[in-house]
Amino acid sequence: MFDALIDGLVLVLQWKAFSLMMIGMGLGFIVGLLPGIGGAATLAMMLPFIFKMSPAEAFAFLLGMHAVAATTGDITSILFGVPGEAISAATVVDGYPMAKNGEAGRALGAALMSSLVGALIGALVLALAIPIVRPLVLSFGSPELLMLAVMGIACITSLSGLGARSQIRGFSMGLLGLLLSTIGQERQSGSLRFDMGMMYLWDGLDLVPVLVGIFAIPEIIDLAVRGTAIAGERQPGNLQAGVMEGIKDTFRHFWLVVRCSAIGVFIGILPGAGGGVAQWVAYAHAVQSAKDTKDRERFGKGDIRGVLGPGAANNSKEGGELIPTVAFGVPGGGAMGILLGGFLIMGLTPGPDMLTKHLPITFSMVWTLVIANIITVLLCLMVLNHLAKITYVRGGLIIPFVLFLVFVGSYTANGQVADLVVTFIFGSLGYLMVLFGWPRPPFVLGFVLGKLVETYLFISVTRYGFSWLTHPMVLVLIFFIGLVIAYPFIQERRSKNRENMGAI
Amino acid sequence: MRRTWIVSIVVSFLITLLLASSARAQANFYEGKTVILVIGAKGAGSLIAATQIVAHHLGKYIPGKPAVIVQEMPGAAHLLATNHVFNVAKPDGLTILASNPQVAVAQLAKVEHVRFDVRKFNWLGSTGPDGVALSVRVDLPYKNFEDIRKADQDLIVGTTGPGSNAHDFPLLLKEFAGAKFKLVSGYPSNGDVMLAIQRKEVDVWAALATTIKLAVDQGAVRAIVRGRVATPGFENLPVDEDLATSALGKSIMGIRGLPLAIGRAFAVPPATPADRVTVLREAFAKVIKDPEFLAEGKKAKIDFNYISAEQALKDFTALLNQPPEVLKEMGKYIKLEG
Amino acid sequence: MRFKLRSLFSLLLMIVAAYAVISARHWSFKAALFPLATAIPLFVLAGTQLILELFGGQETASGPTVELEFSSDVDPAVARKRVAGILAWIAGFILLVFLVGFPIAVPVFIFSFLSQQSRVGWLLSFALTAAAWGIFYFLFQWLLNVQFEAGAIQTWMGW
């Protein structure tokens with residue numbers, strides 16, 4: 001296996017493969033920045049180009065692009081409050097407030113460094129897992145996957161704010177997300193639900209227009225109302241210090257970053273869970289790591305940990321997602337589905353072959369992730385300060401550009417004007433949600449996980465009746481779900497006790 | 001204030017018109033143009049891969065050597081793309097539909113949103129039929145279809161939902177050939193069913209022959225039954241229609257299988273000028289013989305076989321000529337893909 | 001009973017949930033299960049929230065919503081006007097895309113917004129619009145080859 005490791009590295013360092021990787025990275029950099037246009041859509045557009053390439057070259061190109069997009073997606077989230085990628089939405093929650101506080105440089109540095117750490121951990125896990133990957137993925141049947149999806153939903157308690165009313169609102173939004181995910185054709189019976197007679201809704205609401213609308217539009221409205229630059233009336237301080245500060249923060253909270261990377265990898269490994277979930281679970285975990293309720297209140301207002309968590313997770317999941325894709329041909333996420341198309345064109349079959357006969361190619365993918373991320377960080381460091389200056393430009397100049405990018409990006413999801421209307425509708429909904437204090441993250445979680453929960457629930461029940469509830473792994477997961485749900489309440493109880501103790 | 005509004009809009013309009021009107025009429029129509037292959041699917045799959053390979057080489061055989069790209073327009077199981085090319089796209093020979101003939105079944109079943117008639121499309125030909133195969137997990141003792149009929153408990157079939165090959169093929173075998181199947185549907189993709197097979201969560205899996213062949217080669221499954229179209233490696237398997245115990249079952253299976261026999265067909269809108277249709281048909285017939293084209297197909301393990309436009313049209317017309325009783329029964333089993 | 005504008009949102013949620021339940025009542029078991037399992041609790045929770053808002057006491061500020069909060073340093077009347085304004089611009093942009101397609105809508109929108117709304121000078125507006133159009137053309141049309149639908153007006157005129 002060690003020779004394959006070295007062979008993989010050599011494959012990536014070939015002149016042609018390396019330059020293709022750089023080109024892919026350049027594309028990924030731009031695509032990640034542009035809101036709405038996702039890694040998946042661009043991967044699809046780039047597929048025709050890989051015909052003439054060898055497998056290592058093709059994957060260096062495609063993965064180089066995808067890996068970088070995951071990092072730069074955070075940049076737009078922080079600077080404009082607009083998710084550059086669907087997987088970067090969680091970074092908006094604390095990243096954008098930091099930009100509004102004039103701390104854009106710091107947030108960017110933190111996102112960058114945590115992305116690098118996440119990516120490296122993801123690649124490491126991918127490499128180490130190769131011997132055990134098949135038994136690992138095979139041990140998760142439909143019931144276990146169902147439990148994991150439910151655990152994702154259970155994170156809502158951590159994302160909703162404390163107090164009965166906040167929890168009610170959080171769960172309501174989660175339920176709304178779950179409900180809206182049922183729009184479209186139901187997979188088991190083929191019947192159409194809530195399509196209101198429109199063919200557009202047959203396949204359900206697409207994630208990109210909804211996500212971009214719900215996170216970007218309220219932020220833009222807020223900017224328009226304030227009438228100032230994103231960073232307010234402040235003067236640009238020493239931005240270089242800002243970025244370095246963010247990098248140092250990554251190491252100050254190193255174990256949090258590692259844990260969130262682990263979360264990202266793990267969720268990536270699960271077929272179908274997708275990166276949309278990883279960032280929120282990591283974010284919820286970061287919130288849970290708050291020492292007490294007072295500490296917890298800083299989340300959502302510009303706490304660096306809220307940037308570190310998702311920043312790490314959405315990169316580490318790249319490594320995780322490759323595992324089921326390469327070892328089984330089951331896409332770990334949307335973009336991986338496109339990558340599988342690349343496999344087909346290359347004449348490679350995902351499966352045991354990739355882990356034995358073609359192991360060097362698999363390792364070349366690992367190395368691509370590592371090298372592409374390291375180069376991105378180094379290049380970004382030089383550019384970030386200038387990017388951060390954008391937060392000091394007058395809002396009136398920024399808004400039309402952001403709007404144009406937001407809507408074009410949302411259009412590329414399905415290529416229909418209806419996408420723009422969806423963005424507008426959810427943008428308005430998002431605005432009302434923020435205005436009246438209903439949290440958006442639980443909605444997103446419900447929306448992303450809804451189909452998974454329903455699908456695996458039905459499969460589990462049809463296949464096993466109800467006996468699956470007694471499968472050992474399922475029981476373990478139920479226990480963890482209970483923990484996840486209860487955590488915020490435990491935390492609140494503990495801090496109240498501490499206060500009482502202090503008062504005495 | 002009002003005046004500056006109007007002026008600014010007009011000015012920006014004029015600027016854009018000026019910039020946009022750079023495309024002038026060409027002597028040769030296709031020169032410098034882009035031909036778009038519209039496909040109603042997204043992501044990966046042999047249909048998309050095959051279309052990509054066609055796009056890669058088709059331009060060589062069209063006079064003027066235009067660029068050819070693939071545009072993905074997913075939605076409603078290919079209905080969106082088919083509707084679009086039939087009604088909305090300009091019939092100038094620059095937009096070609098990479099169709100999934102399954103949409104003809106939607107037209108047959110009078111699905112609500114169908115706004116096309118497959119018989120009115122200008123078909124260019126097909127790159128080859130697809131076969132279907134049903135397979136059983138390798139560690140199970142069932143060696144042929146008789147074993148499955150005589151099984152003492154139901155075999156679990158994993159499917160991706162009504163309307164898919166994975167669902168309809170086993171369903172018809174269960175209803176009309178006595179197979180002991182229990183269908184568990186809802187798996188997001190064929191890859192997930194394959195994973196479920198390896199996890200021993202399901203026992204039986206049906207899919208396109210190319211897909212099943214890959215799994216057979218990996219030693220995961222054993223192929224048992226095939227559809228009417230014979231594909232390399234599966235010629236000796238029994239055909240589902242022959243296993244049907246009633247004439248009705250045989251008809252319905254036949255209807256289900258007909259679109260696959262037409263395979264990956266390409267078409268342009270009805271009003272396209274006849275000379276352009278001819279140009280495209282010839283380009284099509286030539287590209288299928290192109291050695292590089294075939295090599296890429298071989299690499300992707302896709303079998304390319306030319307089916308002429310006339311044959312495709314004949315098959316579509318035959319498909320739509322069904323006696324009403326058969327249609328009624330069919331509606332019970334065949335729904336549209338999710 | 002305290003009537004707040006925010007209660008309308010809770011009411012809206014209840015209406016959405018009710019619509020879902022009513023639509024689902026004729027569906028097969030499998031198709032209706034999940035929608036009902038989510039819509040009914042949603043109706044109950046939203047209803048609870050509505051009642052609490054109308055009749056309950058002031059909310060004890062117990063922790064943030066872990067979320068964005070709109071800046072409050074602008075006078076509410078001005079804020080409302082600006083919100084309406086930006087929403088109108090966005091809706092206008094979408095309408096423009098529908099009528100004339102992206103390639104024309106983008107420069108028209110950017111130019112109009114900059115010169116009218118942001119009160120930027122003509123020359124700067126023109127320059128920025130040209131820059132935006134450049135990005136649009138090279139990035140989306142040339143590099144990424146995105147196909148943009150023709151606008152309604154172009155289709156109607158047969159262009």
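Everything numeric here is computed off the predicted structure, so don't read it as measured data. Sequence lines set the chain letters: A, B, ... in the order given, protein chains first and strands last, and positions in each chain run from 1.
Between F109(C) and F404(A), the distance from one ring center to the other does not fall under 6.0 angstrom.
With a 4.5 Å cut-off on non-hydrogen atoms, Y411(A) touches chain C through its side chain but not through its backbone. Only the side chain of L405(A) comes within contact range of chain C, with at least one heavy atom under 4.5 Å from a heavy atom of that chain.
Of the listed residues (T182(A), V408(A), V417(A), L432(A)), the one with the most heavy-atom contacts under 4.5 Å to chain C is V408(A). If you tally non-hydrogen atom pairs under 4.5 Å between each of T48(C), L87(C), L124(C) and chain A, the highest count goes to L87(C). Each of T423(A), V421(A), I399(A) has some count of heavy-atom pairs under 4.5 Å with chain C, and the biggest count is that of I399(A).
For D303(A), the salt bridge (Lys or Arg N to Asp or Glu O under 4.0 Å) criterion is met by R298(A), R305(A), not counting sequence neighbours.
Heavy-atom minimum distance, G396(A) versus L114(C): O-CD2, 4.0 Å. Contact detail for P35(C) and L179(A): the closest heavy-atom pair is O-CD1, 3.6 Å. Taking both residues in full, the closest heavy atoms of S172(A) and A46(C) are given as OG-N, 4.2 Å, listed atom of the first, atom of the second, then distance.
Classified by interplanar angle (parallel below 30°, tilted 30° to 60°, perpendicular above 60°), the ring pair F194(A)/W27(C) is perpendicular.
Note: Q167(A) CD to L45(C) CG = 11.0 Å, rounded to the nearest 0.5 Å.
The shortest distance between side-chain heavy atoms of F9(C) and L435(A) does not fall below 4.5 Å.
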